[in-house]
Every structure is written in structure tokens, then in C-alpha cells.
Protein chains: 2
Amino acid sequence: MRMTDIARLAGVSTSTVSRVFHGSPLVNEETAQRVRAVLNDSRYIPDGLARGLKSGITNIYGLVITDITNPFFPEIVKEFESIAAERSREIMLTNIDFHKNGMGDSVRRLLTWKVDGVAILTSNPDRRSMDDLTANSIPMATLDRRLLGPGLSDIAVDNLPGMIQGMAYLDNLGHKKIGYIGGLPGEAISKHRRGEFIHALKKQGFAVRSEYIKAGDFRISGGAAAIQELLVLNDPPTAIFTANDMTAIGALHAAQKMGYKVGEDISIIGLDDIAFAEMTTPALTTLRLSRPRMARAFFDALDYFGSRPSSIGQQYTVKTSLVIRDSTGPAKVKKNQRSSR
Amino acid sequence: MRMTDIARLAGVSTSTVSRVFHGSPLVNEETAQRVRAVLNDSRYIPDGLARGLKSGITNIYGLVITDITNPFFPEIVKEFESIAAERSREIMLTNIDFHKNGMGDSVRRLLTWKVDGVAILTSNPDRRSMDDLTANSIPMATLDRRLLGPGLSDIAVDNLPGMIQGMAYLDNLGHKKIGYIGGLPGEAISKHRRGEFIHALKKQGFAVRSEYIKAGDFRISGGAAAIQELLVLNDPPTAIFTANDMTAIGALHAAQKMGYKVGEDISIIGLDDIAFAEMTTPALTTLRLSRPRMARAFFDALDYFGSRPSSIGQQYTVKTSLVIRDSTGPAKVKKNQRSSR
DNA sequence: CTGAAAGCGCTTACAG
DNA sequence: CTGAAAGCGCTTACAG
């Protein structure tokens with residue numbers, strides 16, 4: 001059923017149907033009611049292609065994801081979709097992992113569909129692709145890049161509140177020697193996050209010991225490798241922060257394999273609070289990054305540009321907070337350490 | 001840059017540009033080369049809206065997901081997207097969890113965008129929505145419903161091979177008493193899956209004991225509740241199959257809380273092999289359901305309809321296979337049980 | 001082998 | 001307050 005059919009049935013022009021459909025006040029109430037009746041009876045569904053072609057607005061937002069199987073992302077996607085559905089927006093999903101051309105292909109496809117905005121959920125979006133988007137006046141929202149521009153907003157993660165809570169909590173438990181397993185060495189986000197760790201460490205009056213700070217890769221394997229190096233030190237840390245939950249989970253398992261009781265012999269703190277953080281044994285103490293808030297920020301960021309796609313974007317920030325579970329506990333004074341004095 | 005501009009630059013009509021762009025052989029090679037040069041130089045990106053409006057083909061596939069945060073789905077979505085990208089198809093994602101109108105809104109939105117097909121990744125798609133899709137000649141592929149029709153294919157999961165392997169494996173380990181924690185009682189898939197369990201049980205010559213078969217809900221909580229009932233029996237099972245990994249993980253944690261050593265005192269077998277199955281402690285023995293194969297089947301199912309959206313669909317089947325990890329081990333003869341004789 | 005023309009289903013100035 | 005008309009950027013018979 002096309003708008004033309006509705007118009008014929010209601011005895012008006014398509015112009016009027018279109019106005020009624022979009023709730024324009026420029027229509028006589030009686031006429032509007034008649035049209036609405038026909039619209040409902042026929043269960044009219046508009047043609048998004050025609051509407052988009054004519055108006056230049058598709059109400060589609062593109063979502064560029066690094067790797068949807070990383071449990072951090074589905075929760076954001078879900079919330080984002082939920083908000084989008086409420087506002088009659090669509091989501092076009094592109095996963096860029098394993099695509100040889102990086103973001104290039106994704107963006108090309110998104111441009112084909114004239115999306116109204118793109119949420120880029122990767123820490124390393126490539127410059128060329130972003131330029132293509134800018135050239136076509138398509139607004140973007142990025143993750144933790146902290147760079148703004150025309151049609152470009154950013155959603156940053158502020159780990160400091162959670163880190164500071166975590167340090168105070170560890171201090172209470174008697175910990176003094178705090179380690180850190182970071183993200184991939186090359187990435188800006190890794191550097192920033194490590195900075196936050198050091199800042200919180202100092203704030204609590206803990207010593208900054210460079211041998212306690214290792215790089216990871218945001219994955220299970222990196223966490224496992226790094227904690228092995230830390231636990232093998234002569235005077236190892238008694239508690240360890242990590243750059244994300246995957247790293248913490250890797251560290252947790254590796255420590256267990258080495259014979260440590262996590263939460264007793266060694267305390268481990270994650271970051272993100274993915275759903276599986278409470279499924280590990282012991283359940284993971286972590287810094288929660290609210291996924292609903294992230295999703296809301298991304299949506300707001302894109303929505304903000306509305307009809308002015310080239311206005312300067314805004315910086316949004318989402319804070320973390322400490323969630324205490326069982327992978328942390330009182331600092332343990334090792335018996336063999338005492339006896340060796 | 002529109003096609004009109006390309007035509008002007010190349011000194012031909014838009015008809016010719018269109019033909020060249022789509023690789024039609026009806027164009028003189030010299031002309032084609034000239035057009036291709038302009039196409040490349042200008043980095044022409046077609047307008048999907050205009051193309052779709054005119055041709056009736058969008059190359060967009062809709063994906064209807066129950067809950068993207070259930071780790072079973074992202075892996076399918078990822079593979080599906082990867083195949084789609086290769087074939088220049090788009091994915092429009094709709095998550096139906098928490099949407100009051102169930103699939104209704106999702107389908108309405110998908111109809112607005114004239115998607116070429118819809119993959120429905122939920123065990124309970126509502127009839128009305130499917131009828132709407134059928135009425136609009138939009139092909140569908142469903143998950144484990146085992147019903148075909150015009151424009152309707154199905155991807156079934158065959159758990160028997162994995163179940164049978166699992167039974168033989170348990171038999172070797174000396175187990176005789178095998179329990180099962182199923183899915184949500186109402187759903188057809190739960191009934192089917194339980195049937196497969198019983199079939200495999202008999203095939204291995206194990207006794208079918210109704211008190212060993214409990215319902216779950218495909219979630220952590222259901223698995224936890226059910227295993228508590230099983231372990232409290234006078235003569236409890238020594239090994240337990242589950243309807244999915246989430247159920248198994250819930251069971252694993254609950255058993256541990258009750259003081260059981262999983263893999264020693266009690267063996268637990270999951271189903272799916274989600275990524276986190278190897279992250280539990282102990283790592284989960286499970287029946288793997290290949291997600292790449294599932295995704296491929298869904299894509300093929302939709303692709304199959306091509307230009308005949310109303311032809312009768314096909315039944316696809318994906319088999320499971322046993323993956324042995326640490327949540328299973330030799331059957332234990334309980335000391336107190338022996339002494340109580 | 002190539003182009004002029006119609007038309008997909010809408011929206012939106014414009015005229016009345 | 002309402003409608004006729006143009007046009008968004010393509011594709012596709014049709015004619016030559």
C-alpha cells in the first residue's frame with residue numbers, strides 16, 4: 001500500500017497524506033482524522049528509500065564495531081538499539097575485524113546508504129575513512145579519542161573515580177604494593193589509562209614502581225603473560241589493576257595455574273564489568289563502566305548534530321565505579337618472605 | 001558525485017554509466033574503460049536509496065536477534081556480517097528483547113527499508129510478524145523451528161552427534177547415572193533437545209530416569225536451581241548434560257558453592273561452546289555448535305531465494321561435536337555411599 | 001552498442 | 001488549508 005493509494009482512499013492528495021503522516025499542524029483536523037483512519041486501517045508502512053531519497057534523511061545510524069564478539073560491545077549495541085528503536089532510528093552494523101581494508105569498506109557501504117551518523121566503537125579509526133565521512137557531512141562519535149571537530153564528537157571514559165575508589169579499598173585491606181597490567185603499547189588509550197592508574201596510585205600515597213607496570217593487549221593472553229612476569233618478581237605486588245576485564249580474566253587464570261589463590265594470595269581488579277566478570281571463579285572485582293550510559297552518550301552525540309551536521313562536536317564523559325566481588329581480599333604477608341628475613 | 005556527473009565527465013549517458021558500473025557486457029570495451037577511469041578517479045559511491053527505490057532490491061538483510069548480549073549470538077552476527085560484506089550486502093540489526101511490541105516493531109522497520117530477507121535468530125518468532133513478512137514477499141530464515149514454506153527456510157541444530165559422542169565418552173569414564181538440565185519448559189526447542197538427550201542415552205544403553213531430568217531456562221539461574229535439585233537426590237547423577245552453556249555455567253557455579261569439585265565429584269557438559277566456556281574454572285566440556293556454519297547457513301538460506309522470494313524454502317542442519325575440557329572426569333564412587341550399604 | 005524517457009514513492013516549495 | 005508539479009538518483013525497457 002503506497003501513499004498514493006492512501007490518498008485515493010481518503011479522497012485527498014498525497015501532499016496531505018504526507019503532512020498527516022508526519023503530524024504537520026497545517027491540516028484541517030477533520031481531514032486529518034479521515035486520513036489517519038485510512039492510514040491505520042491499511043496498516044500503511046512508509047517507504048524509507050523514497051523518503052530518504054527525497055528528503056536526504058534516512059534515520060539510519062551506522063555502527064562501526066571492532067569485534068562484536070568482544071563482550072564489551074554487545075551490551076553497548078543492545079542499549080544503542082533500544083534507544084534507536086524508541087526514536088524510530090535504524091542501525092546498520094559493520095564489524096571491521098578481519099576486513100582487509102579496515103574501515104574503508106564499512107564507510108563506503110555506510111555512505112551508499114546515506115546514514116545520518118556513525119558511531120565508531122574502535123580505538124583506532126583510520127584517518128582516511130573519517131575524512132570521507134567528514135567530506136560527506138556525516139557526523140561521527142568516537143570512543144575515547146578526546147578529539148573534537150566539525151561533525152565530530154567523542155565519548156571518553158574517565159577511569160579515575162573507579163581507580164581512586166579501588167586504591168582506597170586496597171589501602172584498607174592492607175595492600176601497599178600495587179601492580180598494573182595495561183593495554184596494547186601502541187594505543188593512545190593504553191597510555192591514557194596507565195596515566196590514570198599512576199595518578200590514582202599517587203593520590204592514595206602508594207609508591208610508583210616501574211617494575212610493577214606491565215603491558216598487555218586487552219585480551220586474555222596478554223593478561224596471562226603479564227601476571228606471570230609480575231608474580232615472578234623478588235618482591236611482587238599484592239594487588240593488580242588491569243586495563244580491562246579480559247586482561248583481568250587472563251591474569252586470574254594464569255595466577256591460579258601458578259598455584260596462587262586469587263583473592264587471598266593475590267588480588268586482581270578488572271575494568272569494564274562485562275557480564276562474565278561475575279562468572280569467573282572467584283568472581284571478579286572490577287571498575288564498572290556503565291554500558292547504558294555509554295550507549296546513551298553515543299546516541300546523544302549523533303542526535304546532537306541533527307540538521308547541522310557540521311557544527312563542532314562535544315566531549316562526553318562516562319565515569320567508572322568500583323564493584324567489589326571475590327578476586328580481592330586482605331593483603332597477605334607471605335610466610336616464606338617473613339622467614340627469609 | 002552523482003551518476004549524472006560521471007556521465008558528463010565521461011561524455012556518455014547515465015544509462016551507459018549504470019551499465020558499466022554493474023559490469024554489463026553490452027558496452028563497447030573502449031567506452032567502458034573511459035567510464036571506469038572516471039568512476040575510479042572520482043571515487044564514485046552509488047546511492048543505495050535511489051537504486052533500491054527503482055530496482056526493488058536493496059541488498060540489505062535484516063537480523064532479528066533476541067538478545068545480543070547472549071554470547072551465542074554475537075559470534076553468529078560477526079560471521080554473518082563477514083559473509084555479507086564479502087558479497088556487498090548490508091545488515092540492519094534489530095534486537096527484540098525488552099521491546100514491548102515483540103517482533104512487531106522490528107518487522108515494521110525492516111519493511112520500511114525493503115530488506116531483501118530476514119534472519120530470525122529467536123526460538124519464538126511471532127506468527128503475525130512472520131505473516132507480515134510473507135505478505136510482502138520477504139524471505140525468512142528461522143532458527144531450529146523445522147518448519148518450511150514459501151519464502152521460509154530453517155536452520156536446525158542437530159545435537160545428536162555430539163550427544164552420542166558425549167555418552168560414549170562418559171561411559172568410558174565409568175559413568176552410569178546421567179542427568180539433564182533442559183531449556184524453558186514451554187518452548188519446542190526444549191522438548192526437541194530433551195528428546196535428543198533421551199535418544200542418545202538409550203543408544204548408549206544408559207537407563208532413562210525421569211528424576212534425573214530437570215527443566216532450566218537457558219540461563220545461568222536456571223542451571224543453578226536445577227543442579228541443586230539433582231545433587232540433593234538420594235542417588236544423584238554423576239554426570240549432567242545441559243541445554244546450553246549458560247545453563248552449564250550456572251550449574252557449575254552452584255555445584256561448587258555446594259562444595260562439589262566439578263570434574264571430580266560431578267561431571268558437567270555444556271552445549272554451544274561459547275567463548276567463555278573455556279574461561280570457567282574448571283574449563284567447560286561442551287558440545288560445540290559451529291557458529292561460522294550457522295551463519296553461513298543463514299546467509300545461504302536467504303541468498304537462495306534470490307529473485308524467487310516465494311519459492312519453497314529448504315531445511316539446513318548444523319551438527320554438534322564433543323569438546324573435552326576439565327568439567328568432566330572419571331565417575332567417582334562416593335565413600336559415604338559405599339559405607340552406607 | 002547507446003541514449004532519451006519514464007518512473008520507483010515519497011517530500012516540499014509554490015500557488016491558490 | 002489543500003493540491004499540482006517538480007524532483008531526489010538511479011535502472012530499465014524501448015527505440016534506434
Side-chain angles (χ1 to χ4, degrees), chain A residues 1-36 38-39 42-60 88 90 108-109 111-116 136-137 307, chain B residues 1-36 38-39 42-60 88 90 108-109 111-116 136-137 307:
Chain A
M1 185 82 67
R2 298 155 304 146
M3 201 172 260
T4 323
D5 303 317
I6 306 292
R8 190 169 29 75
L9 289 172
V12 296
S13 70
T14 57
S15 318
T16 300
V17 177
S18 177
R19 280 189 276 256
V20 171
F21 188 76
H22 290 100
S24 161
L26 305 175
V27 184
N28 174 26
E29 184 50 28
E30 272 178 47
T31 314
Q33 276 180 13
R34 203 168 67 244
V35 174
R36 272 196 291 268
V38 178
L39 244 15
S42 65
R43 304 181 69 213
Y44 170 72
I45 294 179
D47 185 319
L49 303 170
R51 175 170 206 278
L53 178 60
K54 184 64 182 123
S55 71
I57 296 169
T58 55
N59 286 324
I60 303 176
S88 306
E90 288 333 303
R108 202 188 151 78
R109 288 152 58 206
L111 287 172
T112 288
W113 290 102
K114 312 281 185 218
V115 296
D116 290 346
N136 286 276
S137 301
S307 49
Chain B
M1 184 82 67
R2 300 155 303 146
M3 202 172 258
T4 322
D5 303 318
I6 305 292
R8 191 170 26 76
L9 290 172
V12 297
S13 70
T14 57
S15 317
T16 299
V17 176
S18 177
R19 281 189 275 257
V20 171
F21 189 75
H22 290 100
S24 160
L26 305 175
V27 184
N28 174 27
E29 184 50 29
E30 272 179 47
T31 316
Q33 277 181 14
R34 202 167 69 243
V35 174
R36 272 196 289 270
V38 178
L39 243 16
S42 65
R43 302 181 70 215
Y44 170 73
I45 293 179
D47 184 319
L49 303 171
R51 177 172 204 277
L53 179 59
K54 183 65 181 124
S55 71
I57 297 168
T58 55
N59 286 324
I60 303 177
S88 304
E90 287 336 301
R108 201 189 150 78
R109 287 152 58 206
L111 287 172
T112 289
W113 290 100
K114 312 279 184 219
V115 296
D116 290 345
N136 287 276
S137 300
S307 49

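Per chain, numbering begins at 1; letters A, B, ... match sequence-line order.
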Please give the stem ranges for DNA chain D, sorted by first residue number, where a stem is three or more consecutive Watson-Crick or G-U pairs and both donor-acceptor distances are under 3.5 Å. C:1-3 with D:14-16, C:5-12 with D:5-12, C:14-16 with D:1-3

Could you go through nucleotides 12-16 of chain D and list every protein N or O atom that sits under 3.5 Å from one of its N or O atoms, giving the distance for each pair?
{"from": "D/dT12", "atom 1": "O4", "to": "B/Ser15", "atom 2": "OG", "distance (Å)": "3.2"}

Side chain to side chain donor-acceptor pair (under 3.5 Å) partners of B/Thr31, counting only residues at least two apart: B/Asn28

For A/Ala7 and A/Ser13, work out which heavy atoms get closest and say how close. CB-C, 3.8 Å

Near DNA chain C, which residues from residues 43-51 of chain B have a heavy atom under 4.0 Å away? none

Please report the distance, rounded to the nearest Å, between CZ in B/Arg8 and P in C/dT2. 20 Å

Those residues that, when tested against A/Arg2, pass salt bridge (charged side-chain N to carboxylate O under 4.0 Å, His left out) (two or more places apart): A/Asp5

Specify the separation, in whole Å, of atom CD of A/Glu29 and atom P of D/dT2. 11 Å

Closest non-hydrogen atoms of B/Gly11 and B/Arg34, given as atom of the first, atom of the second and distance, are O-NH2, 4.1 Å

Residue mapping more 5' on DNA chain C - nearest nucleotide basis, B/Val27 or B/Leu53: B/Val27

In this structure, are over 12 heavy atoms from other groups packed under 6.0 Å from B/Glu29 atom CD? yes

Measure the shortest side-chain to side-chain distance between A/Leu39 and A/Phe21 over non-hydrogen atoms and say whether it is less than 4.5 angstrom. yes

Which residue pairs pass the salt bridge (charged side-chain N to carboxylate O under 4.0 Å, His left out) test when at least one of the two sits in residues 9-19 of chain A, sequence neighbours left out? none

Look up atom CG in B/Leu49 and atom NZ in A/Lys54, then write down how far apart they are to the nearest 0.5 Å. 13.5 Å

Is the side chain of A/Thr58 donor-acceptor paired with the backbone N or O of A/Lys114 at a distance under 3.5 Å, no angle test? yes

Look at the side-chain N and O atoms of B/Thr31 and state whether any lies under 4.0 Å from the OP1 or OP2 oxygen of C/dT2. yes

